[in-house]
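So the structure is just underneath, and the comments pick up after that.
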Amino acid sequence: MASLLDDTLFETRGQAPAPSKDFYQIIVTRKDVIFRWWKISLRSEFREARPGELKESHEDFLDDPSLQIQIAIVFGASTLEHIFNLCRGNFDYLVRLPDTLLLYIMSYLDLEDIARLSQVSRRFEMICNSDKLWEMIVQDLLGTITPEMKSLAQEIGWKQFFFTNKLQLQLQLRRRRNKSAGSSGSQSD
């Protein structure tokens with residue numbers, strides 16, 4: 001499982017709360033917590049201030065309340081808690097899986113579980129609503145899909161295709177047939 005971990009486990013940037021204009025960055029690697037800052041000020045005493053960096057091991061970070069307070073002020077308590085978890089070795093491997101593997105796993109979930117999973121994060125929402133996932137689900141349920149059905153699904157979206165009732169699908173397919181027959185008949189005139 002350790003092979004799923006990148007060297008950089010977490011990274012975020014932000015601006016300090018008003019009235020400060022200072023910028024901050026936090027990077028958590030496999031070994032270190034790196035805190036960087038850039039002073040932004042019109043005051044003469046800060047004009048020559050250079051960017052700063054503080055680099056601590058995970059163990060040192062867990063024992064440094066002053067840095068923890070700075071991170072909580074700038075990035076919030078939830079970010080600080082996430083960094084604590086990373087420093088303690090509590091990794092969420094699910095979010096580190098590649099999209100193709102997540103799609104494969106999600107294709108076996110119940111619809112209610114897909115709906116719940118889509119609320120976990122933006123990434124999961126995108127995957128749960130993706131045409132790739134719903135195409136896999138439709139193909140698994142139907143087995144064979146005619147080219148006409150595939151064309152309609154690509155036009156309206158695989159998720160919409162899945163949730164459209166059978167009568168509405170038949171009506172839409174019939175309309176497409178009539179439309180294509182009408183256009184091919186007018187071309188031959």
Side-chain angles (χ1 to χ4, degrees), residues 1-15 24-30 33 71 74-189:
M1 282 298 220
S3 65
L4 289 174
L5 296 176
D6 294 330
D7 188 45
T8 300
L9 302 175
F10 177 73
E11 179 180 355
T12 190
R13 298 169 198 86
Q15 189 171 6
Y24 294 90
Q25 177 185 36
I26 186 101
I27 301 171
V28 181
T29 67
R30 286 188 190 197
V33 176
I71 290 172
V74 175
F75 298 106
S78 61
T79 299
L80 180 61
E81 186 63 32
H82 181 63
I83 294 169
F84 279 151
N85 284 329
L86 293 174
C87 289
R88 292 177 183 133
N90 301 330
F91 305 115
D92 185 358
Y93 288 102
L94 183 63
V95 298
R96 298 178 189 288
L97 293 175
D99 287 354
T100 52
L101 187 54
L102 285 173
L103 279 167
Y104 181 76
I105 293 168
M106 288 177 190
S107 69
Y108 288 99
L109 295 177
D110 293 330
L111 296 179
E112 296 83 17
D113 296 330
I114 292 173
R116 284 189 205 108
L117 188 61
S118 72
Q119 297 172 355
V120 168
S121 69
R122 288 185 187 145
R123 179 178 178 219
F124 284 163
E125 179 185 18
M126 287 177 40
I127 295 171
C128 288
N129 290 317
S130 72
D131 274 347
K132 289 180 181 181
L133 174 65
W134 289 98
E135 182 179 4
M136 291 170 73
I137 292 170
V138 168
Q139 287 180 342
D140 187 48
L141 289 174
L142 296 181
T144 58
I145 297 176
T146 66
E148 188 178 38
M149 291 169 64
K150 187 173 185 173
S151 175
L152 177 62
Q154 289 171 339
E155 182 181 310
I156 66 172
W158 284 96
K159 184 176 180 181
Q160 181 67 37
F161 183 84
F162 177 84
F163 284 108
T164 303
N165 74 36
K166 193 173 182 178
L167 290 174
Q168 289 176 328
L169 282 176
Q170 289 173 346
L171 179 63
Q172 288 180 352
L173 287 170
R174 191 175 307 121
R175 285 182 187 157
R176 287 175 60 95
R177 278 190 220 115
N178 290 342
K179 190 177 181 181
S180 65
S183 64
S184 63
S186 63
Q187 289 176 352
S188 62
D189 291 339

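The model shown is predicted, which means the values in this text are computed figures rather than measured ones. Only this structure's heavy atoms are used, side chains among them; waters, hydrogens and symmetry mates stay out.
The aromatic rings of H82 and F10 lie perpendicular to each other, with more than 60° between the two planes, well past the 30° mark.
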Show me the donor-acceptor pairs within less than 3.5 Å that the side chains of residues 101-111 make with the rest of the protein, sequence neighbours left out.
residue: Y104; atom: OH; partner: Y108; partner atom: OH; Å: 3.3
residue: S107; atom: OG; partner: Y104; partner atom: O; Å: 2.7

Tabulate below the donor-acceptor pairs under 3.5 Å that side-chain atoms of residues 114-122 make, not counting sequence neighbours, or state none.
residue: R116; atom: NH1; partner: D113; partner atom: OD1; Å: 2.9
residue: S118; atom: OG; partner: A115; partner atom: O; Å: 2.7
residue: S121; atom: OG; partner: F124; partner atom: N; Å: 3.2

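Here Y24 contributes atom OH and Q15 contributes atom CD; the two are 10.0 Å apart, rounded to the nearest 0.5 Å. To the nearest 0.5 Å, the span separating NZ on K179 from CD on Q172 amounts to 11.5 Å. Interatomic distance, CG of L142 versus CD1 of I137, reported as 11.5 Å (0.5 Å rounding). Atom CD1 of I71 sits about 12.5 Å away from atom CD of E81, to the nearest 0.5 Å. To the nearest 0.5 Å, atom CG of residue N85 and atom CG of residue L9 are 12.0 Å apart.
Taking R175 as the reference, nothing meets the salt bridge (Lys or Arg N to Asp or Glu O under 4.0 Å) condition, with sequence neighbours excluded. Looking at residues two or more places apart in sequence or on another chain, you find a side chain to side chain donor-acceptor pair (under 3.5 Å) between E148 and R177. Partners of W158 according to the ring pair (Phe, Tyr, Trp, His ring centres under 6.0 Å) rule, which considers only residues two or more places apart in sequence or in another chain, are F161. Taking the salt bridge (Lys or Arg N to Asp or Glu O under 4.0 Å) definition, one finds that E125 meets it with nothing, sequence neighbours left out. Partners of T100 according to the side-chain contact (heavy atoms from CB on, under 4.5 Å) rule, which considers only residues two or more places apart in sequence or in another chain, are P98. Here E155 pairs with R176 under the salt bridge (Lys or Arg N to Asp or Glu O under 4.0 Å) rule; sequence neighbours left out. Take F75 and apply the ring pair (Phe, Tyr, Trp, His ring centres under 6.0 Å) test, not counting sequence neighbours, and it matches no residue. For D99, the side chain to side chain donor-acceptor pair (under 3.5 Å) partners at least two apart in sequence or on another chain are R123. Taking the salt bridge (Lys or Arg N to Asp or Glu O under 4.0 Å) definition, one finds that R88 meets it with nothing, sequence neighbours left out.
Using modelled atom types, no side-chain atom of S151 and backbone atom of P147 make a donor-acceptor pair closer than 3.5 Å.
When all heavy atoms of N165 and Q168 are compared, the closest pair comes out as OD1-N, 2.8 Å.
Applying the salt bridge (charged side-chain N to carboxylate O under 4.0 Å, His left out) definition to pairs two or more places apart or across chains, none involves residues 156-165.
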